[in-house]
Asker: 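This is the structure I want to talk about, given as structure tokens.
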Amino acid sequence: MMDNYIIKEADKTKAALVAILRQLFQMSSTAAPAEIRDCARNELSERLGLDVDSLLEKENFIPLLVSDYHFDDSDLNKFAELLYTVLRADEGKDDVHNLYAKAISAINKWLDDRGQAFSATRHYVLEENSRYF
């Protein structure tokens with residue numbers, strides 16, 4: 001019974017991340033950076049009950065994503081891509097921008113430490129992200 005619940009929650013996470021990434025991709029050519037950031041925040045909150053900014057402020061946010069939101073390595077990679085989509089649209093250097101950049105690096109380091117093969121975009125994202133640190 002518990003296994004079915006965990007599988008359903010994991011599937012919900014995957015579906016939500018993919019849907020949000022699609023939505024952000026469609027918006028990226030026409031929307032203002034603030035709209036993209038707000039959309040990501042709202043969708044994560046509505047679909048997963050996740051307050052992304054508060055979560056990312058915690059030092060142990062990755063284990064929380066894994067335990068509380070049932071993220072697996074693939075989900076973490078998608079989440080890093082989602083954060084990067086928001087970051088790329090916003091050329092600002094405010095605290096939230098830096099928070100997202102640090103989170104992207106932390107997620108990719110976590111995945112690398114776990115021996116996960118690089119995704120198609122991870123190397124590019126890390127290279128781009130290095131300009132912030």
Side-chain angles (χ1 to χ4, degrees):
M1 189 74 126
M2 185 63 153
D3 290 342
N4 288 341
Y5 171 77
I6 292 172
I7 290 170
K8 282 174 104 174
E9 289 299 306
D11 288 345
K12 181 173 108 177
T13 298
K14 288 178 193 341
L17 290 172
V18 168
I20 296 167
L21 279 168
R22 281 189 189 130
Q23 187 173 358
L24 293 178
F25 180 74
Q26 290 172 348
M27 292 177 66
S28 64
S29 62
T30 59
E35 290 176 290
I36 292 171
R37 187 186 282 182
D38 289 346
C39 175
R41 284 178 176 154
N42 293 339
E43 290 295 319
L44 286 167
S45 177
E46 289 175 17
R47 291 175 185 256
L48 298 176
L50 192 147
D51 178 352
V52 67
D53 294 348
S54 295
L55 179 79
L56 295 181
E57 289 175 352
K58 297 177 182 177
E59 195 167 313
N60 64 339
F61 77 90
I62 297 171
L64 287 172
L65 285 171
V66 172
S67 65
D68 294 359
Y69 296 94
H70 309 288
F71 277 44
D72 62 15
D73 292 342
S74 174
D75 299 329
L76 287 170
N77 192 56
K78 285 181 184 79
F79 186 63
E81 288 180 33
L82 187 151
L83 294 176
Y84 181 69
T85 301
V86 173
L87 191 75
R88 188 178 56 203
D90 179 20
E91 287 298 323
K93 299 284 189 229
D94 62 7
D95 290 341
V96 174
H97 188 88
N98 292 334
L99 183 68
Y100 284 28
K102 288 177 186 177
I104 293 165
S105 293
I107 291 168
N108 284 291
K109 182 176 179 344
W110 165 280
L111 292 170
D112 199 34
D113 289 349
R114 293 176 48 83
Q116 295 302 311
F118 272 91
S119 70
T121 59
R122 191 178 317 158
H123 181 73
Y124 174 73
V125 167
L126 288 174
E127 287 295 316
E128 279 289 305
N129 207 19
S130 69
R131 68 185 170 142
Y132 299 107
F133 302 104

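For clarity, every value in this text was computed on a predicted model and none was experimentally measured. Residue numbers start at 1 and run along the sequence shown.
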Asker: Return the CG to NZ distance between Asn98 and Lys102, rounded to the nearest 0.5 Å.
Answerer: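 Taking CG in Asn98 and NZ in Lys102, the distance rounds to 6.0 Å.
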Asker: Determine yes or no for a side-chain-to-main-chain donor-acceptor pair under 3.5 angstrom, with Asn108 supplying the side chain and Ile104 the backbone.
Answerer: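 At least one qualifying donor-acceptor pair exists.
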Asker: What's the separation between atom CG in Leu87 and atom CZ in Arg37, rounded to the nearest 0.5 Å?
Answerer: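 Interatomic distance, Leu87 CG to Arg37 CZ, rounded to 0.5 Å: 8.5 Å.
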Asker: Going by side chain to side chain donor-acceptor pair (under 3.5 Å), name the pairs with one or both residues in residues 54-67, residues two or more places apart or in two chains.
Answerer: Asp51-Ser54
Asker: Any side-chain heavy atom of Leu83 sitting closer than 4.5 Å to one from Val86?
Answerer: no
Asker: For a quick test of reading the model, state the closest non-hydrogen atom pair linking Leu55 to Phe61 and the distance between them.
Answerer: O-CB, 3.2 Å
Asker: Measure the spacing between CG of Leu48 and NE2 of His70 and express it to the nearest 0.5 Å.
Answerer: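 One finds 10.5 Å between CG of Leu48 and NE2 of His70.
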Asker: If I compare all heavy atoms of Ile62 with all of Ala106, which pair ends up nearest, and what's the gap?
Answerer: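 Looking at all heavy atoms of both residues, the closest pair is CD1-O, 3.5 Å.
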Asker: Could you work out, with side-chain contact (heavy atoms from CB on, under 4.5 Å) as the rule, every residue matching Ala34, not counting sequence neighbours?
Answerer: none
Asker: Got a sec, which residues hit side-chain hydrogen bond (donor to acceptor under 3.5 Å, both in side chains) with Asp53, two or more places apart in sequence or on another chain?
Answerer: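 Asp53 satisfies side-chain hydrogen bond (donor to acceptor under 3.5 Å, both in side chains) with Arg41, Tyr100 once adjacent residues are dropped.
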Asker: Testing the basics here: between Asp72 and Asp75, what is the closest heavy-atom pair and its distance to 0.1 Å?
Answerer: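 Shortest heavy-atom contact: OD1-N, 2.8 Å.
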Asker: If you round to the nearest 0.5 Å, how far is CG of Leu82 from CG of Leu76?
Answerer: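 Taking CG in Leu76 and CG in Leu82, the distance rounds to 12.0 Å.
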Asker: What pairs with Ser45 under side-chain hydrogen bond (donor to acceptor under 3.5 Å, both in side chains), at least two apart in sequence or on another chain?
Answerer: none
Asker: Between Gly49 and Tyr69, which heavy-atom pair has the shortest distance, and what is it?
Answerer: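 Gly49 and Tyr69 have their closest heavy atoms at O-OH, 3.4 Å.
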Asker: Can you measure from CG (Leu65) to CG (Leu50) and round to the nearest 0.5 angstrom?
Answerer: 6.0 Å
Asker: Between CD1 of Ile107 and CG of Asp73, what distance do you get to the nearest 0.5 Å?
Answerer: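 Here the rounded value is 11.0 Å.
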